[in-house]
Amino acid sequence: MKTSKLQLLSVTLVLFFLAGAWPRPAATNPATADWQTTLRERLPLYGHRNWVVVSDAAFPAYSQTGIETIVVNQDLAQVLHYVAKAIASSKHVRAAVFVDRELPFVPEQNYPGVTHLREQINREFSKDMLSSVPHSEAISKIDEAAKTFRVLFIKTNTTIPYTSVFMRLDCGYLTDEIDAQIKNRMASTNP
């Protein structure tokens, strides 16, 4: 009798184990648990026309496939610094950076810290990398790109509007100037 109860208990435990039903501590979402690892895993996969966006807290979650959102409990400047360095150290991609045209007009008295955040964003990128576009245009660029290419959103806890930074990845080993030269040579050889 004892042997059959022991066998029954053993079989039950094995079934629980195999079914994954064994009680375990609640796990955090892997994407939010270590967003830096997620970024490091995605960057080698990404190429020109993929996007990485570091956004403020109010940015919406997209329902469109191809857009991945990671929520992090860190401020935008910290996250942006890490992302900018990761992209800059990547040999195969570089970033064309878009910020909201509305950002310079966000008042410090309503959003304390916005002046410092603007300065931090500008320090992360050279002036030739940064473009200012209306927020609605930045959203349109993401919407269009996501129809074909992957987009990674890293949503921060920053609560200042128009602070999202949109980075379209371009080929890291082909400059715009050299690409223009190649296309000019092509055009000159075509009848």
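The residues of the chain are indexed from 1 along the displayed sequence.
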| said: With a 4.0 Å cut-off on N to O distance, would you call Lys147 and Asp143 a salt bridge? | reply: no

| query | Applying the 4.5 Å side-chain criterion to the ILVMFWY set and letting contacts propagate, would Val93 and Leu45 be lumped into a single cluster? | reply | yes

| message | In the structure I gave you, are the side-chain heavy atoms of Phe125 and Val165 within less than 4.5 Å of one another anywhere? | response | yes

| Rounded to the nearest 0.5 Å, how far apart are OG of Ser89 and CZ of Arg40? | 10.5 Å

| task | Starting from the C-alpha separation in whole Å, work towards a yes-or-no answer on side-chain contact (heavy atoms from CB on, under 4.5 Å) for Trp35 and Val79. | result | CA-CA 9 Å; Trp35 65 270; Val79 173; 3.8 Å; yes

| request: Starting at OG1 of Thr38, measure out to CD1 of Ile70 and round the result to the nearest 0.5 Å. | output: 4.5 Å

| field | Thr156 (side chain) donor-acceptor with Ser55 (main chain) under 3.5 angstrom | value | yes

| task | Would you check if Asn157 and Thr159 make a side-chain contact, meaning some heavy-atom pair closer than 4.5 Å? | result | no

| field | Neighbour count >12 (heavy atoms, 6.0 Å) for atom CG, Asn110 | value | yes

| request: Could you tell me whether the side chain of Glu102 and the main chain of His135 form a donor-acceptor pair under 3.5 Å? | output: yes

| Approximate separation, where rounding is to 0.5 Å, of Asp179 CG and Leu174 CG | 4.5 Å

| task | Would you indicate whether the side-chain heavy atoms of Leu80 and Met167 approach each other to under 4.5 Å? | result | yes

| Exam field: side chain Thr148 to backbone Ala145, donor-acceptor pair closer than 3.5 Å | no

| Is the CZ atom of Arg49 crowded by more than 12 outside heavy atoms at less than 6.0 Å? | no

| query | Judged by atom type as modelled, is there a donor-acceptor pair below 3.5 Å linking the side chain of Arg101 to the main-chain atoms of Ser132? | reply | yes

| So, do Asn50 and Arg168 sit near enough that their side-chain heavy atoms are less than 4.5 Å apart? | no

| field | For Ala77 against Leu117, the heavy-atom pair lying closest together | value | CB-CD1, 3.9 Å

| field | Euclidean distance, Asp176 CG relative to Gln181 CD, rounded to 0.5 Å | value | 11.5 Å

| query | Taking the side chain as C-beta and beyond, is there a heavy-atom pair between Gln120 and His116 under 4.5 Å? | reply | yes

| task | Please identify each residue that fulfils salt bridge (charged side-chain N to carboxylate O under 4.0 Å, His left out) with Glu119, with sequence neighbours left out. | result | none

| message | Can you confirm whether Tyr82 is buried at OH, in the sense that more than 12 heavy atoms of other residues, nucleotides or ligands lie under 6.0 Å from that atom? | response | yes

| Min side-chain heavy-atom separation Ile160-Asp56 under 4.5 Å | no

| request: Rounded to the nearest 0.5 Å, what's the gap from OG1 on Thr158 to CG on Asp75? Could you check? | output: 5.0 Å

| Check: His92 side chain, Leu43 main-chain N or O, donor-acceptor pair, under 3.5 Å | yes

| remark: Result for salt bridge (Lys or Arg N to Asp or Glu O under 4.0 Å) between Glu68 and one of Arg150, Arg42, Lys155 points to Arg42

| task | Look at the side chain of Arg94 and the backbone N and O of Cys171, then say whether any donor-acceptor pair between them is shorter than 3.5 Å. | result | yes

| What pairs with Arg118 under side chain to side chain contact (heavy atoms under 4.5 Å, CB included), at least two apart in sequence or on another chain? | Leu103, Val106, Val114, Thr115

| Are Tyr46 and Leu39 close enough that some pair of their side-chain heavy atoms sits under 4.5 Å apart? | no

| said: Checking one residue: Ile142. Which other hydrophobic residues are in its cluster under the side-chain 4.5 Å linking rule? | reply: Trp51, Val53, Phe59, Tyr62, Ile67, Phe98, Val133, Ile139, Val151, Phe153, Phe166

